[in-house]
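Report on the following structure.
On a predicted model such as this, the values are computed, not experimentally measured, just so you know. Per chain, numbering begins at 1; letters A, B, ... match sequence-line order.
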Amino acid sequence: MSEASAAQSPWQTARITRIEKRTPRVTSFFFKLSRPFTHQAGQHVDVRLTAPDGYQARRSYSIASAPESAGTIELAIEKLEDGEVSPFFHEVAAVGDEIELRGPLGGHFIWSASDGGPILLVGGGSGVVPLMAMVRHRTLRKSAAPVALVFSARVWDEVIFRDELIGLDDRRDGFDLVLTLTREPAQRASDYSRRIDAAMMVQATERLPKPPTLAFVCGSNAFVSAAAQALIDADVPAGLIRTERYGV
Amino acid sequence: MVTRGFSSGRHPPTDNDARIPPGQYLEQGFPVLSAGPTPRLRTEDWSFTLKHGPRPIKKWNWTEFNALPLTRMTRDIHCVTAWTKFDTAWQGVLVDDILADAGIAPPTAFTLALSFDGYTTNVPAKDLLDGRAMVALLYEGKPITPDHGGPARLLVPHLYFWKSAKWLNGLQFTERDEPGFWELRGYHIYGDPWREQRYTGDP
Ligand SMILES: Cc1cc2nc3c(=O)[nH]c(=O)nc-3n(C[C@H](O)[C@H](O)[C@H](O)COP(=O)(O)OP(=O)(O)OC[C@H]3O[C@@H](n4cnc5c(N)ncnc54)[C@H](O)[C@@H]3O)c2cc1C
């Protein structure tokens, strides 16, 4: 499946059809694909920018939209001040622009409704993006798989997809949202105000009806290291934990 | 296709370009990527096994392995996520010296690198020989940190870095070129950065 999808994923141009500010530092870009593909929730694309002198920069971005959104994909890009590609998107890219991208890519950090659950999702900052694709996929497929998402952000206003996630949480249909803010008090009774630790992971797994069959952890390297260790300390078997590290 | 409004201002062409494979950018840090949690391995529990198929040929514990000849290797490394890092300095045991200690020549043309966490990656045997690859034990003079694959990782610097398996515990000669972990998940079977062999289906 993933082998086939990579083999069939040459570079293509995609047109930006919509730009939506999500938080002060994260903006979503919606791309209409010239060669539509169906991805799996959790996969990413590679984006390539080319300067007039031929210089190219490429980076990976997770797909935030569900596979069901076929034909258009959403990328949620966090602006890193001294970065090269993310500031280009925030400062230069406009609706109508054509961008080269390639995908869908990655065959490990993926979840499908048919895989079932319970699953535990743990995201830090923009690391929530591939997890969001899984949550949206679950909703669109009307999956009953129990899912708990623990999402760590610095402050309430930096909780990407906040209103959508709280709306899904309010449905009480087996999706459970746990927010943890590291630099502000919690705003909801069930949320936390500290960094992720083993005690929080124990409580998160207890929100699921049974122990998770898979756990997905995504974010910066430091976040993933700490969160994966907290899961292990909370007795989630290492073999069930999949990680995606955004490098820095 | 030129991207509207994108300039190479931040990365003016330099003499370094000849050292940067296509599609890569120069990274000063050392990003960490892995498929699962970082294993914390104690050297007391570490071992390295050389195998031909399922059959063990020779096994070393940490002390025995560290008694093998140590070689220095300073190389540029290239990650498929598009960063390149110059002049990384490693010390370890050349695969040539491991085979010499086991008293064998490569019995087959292919290998699988095996890791403590179940990760595998395939490398043709010739890519590991003649001083081209080592089992690295030190990075910049110090033990390799767990995040970067310590206590020991494979180093095959001329291929994309997913081939340089972290938390290495064995090398297995195989009759055929058997895809490993990422090779089964859409990544190229060989992985030459200079030919941009990133994903299955790349030339
Ligand atoms: C599989 C995968 C999925 C990803 N998904 C997402 C996603 O969904 N959303 C998202 O926002 N990101 C995602 N990322 C991260 C993304 O690929 C980029 O790494 C990120 O956008 C930064 O790129 P950049 O070009 O803006 O910054 P870069 O230019 O790569 O810089 C990165 C950092 O290094 C520092 N830096 C750069 N150059 C220098 C220098 N010369 N000296 C000192 N410091 C320097 C910058 O301050 C910056 O903080 C993903 C990464 C991976 C591997």
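- Aromatic rings of B/Phe30 and B/Tyr139 (six-membered ring for Trp) have centroids within the 6.0 Å cut-off, being under it.
- No side-chain donor-acceptor contact under 3.5 Å links B/Glu27 and B/His78.
- B/Asn61 and B/Ser47 share no donor-acceptor pair across their side chains, judged by distance under 3.5 Å alone.
- In the displayed structure, B/Lys85 atom NZ is contacted under 6.0 Å by more than 12 heavy atoms of other residues, nucleotides or ligands.
- The residue among B/Arg198, B/Arg40, B/His188, B/Gln24 with the most heavy atom pairs within less than 4.5 Å of chain A is B/Arg198.
- Heavy atoms of B/Trp83 lying under 4.5 Å from chain A are absent altogether.
- Counting heavy-atom pairs closer than 4.5 Å to chain A, the top-ranked of the candidates B/Gly118, B/Ala82, B/Ala35 is B/Ala35.
- Listed options A/Glu100, A/Arg242, A/Glu244, A/Gln229 were ranked by heavy-atom pairs under 4.5 angstrom with chain B; first place goes to A/Glu100.
- With a threshold of 4.5 angstrom between heavy atoms, A/Ala215 does not approach chain B through any atom at all.
- The contact between A/Ile232 and chain B is made entirely by side chain atoms (from C-beta outward), counting heavy-atom distances below 4.5 Å.
- Annotation: maximal heavy-atom pairing with chain B below 4.5 Å, among A/Val92, A/Thr13, A/Thr50, occurs at A/Thr50.
- Neither side chain, B/Tyr190 nor B/Asp177, offers a donor N or O lying under 3.5 Å from an acceptor on the other.
- Two rings, from B/Phe110 and B/Phe173, have their centers 6.0 Å or more apart.
- For a residue to count as touching a neighbouring chain, one of its non-hydrogen atoms must lie under 4.5 Å from one of that chain's; by this rule B/Asp117 does not touch chain A.
- Only the side chain of B/Phe181 comes within contact range of chain A, with at least one heavy atom under 4.5 Å from a heavy atom of that chain.
- The distance between the ring centers of A/His44 and A/Phe109 does not fall below 6.0 angstrom.
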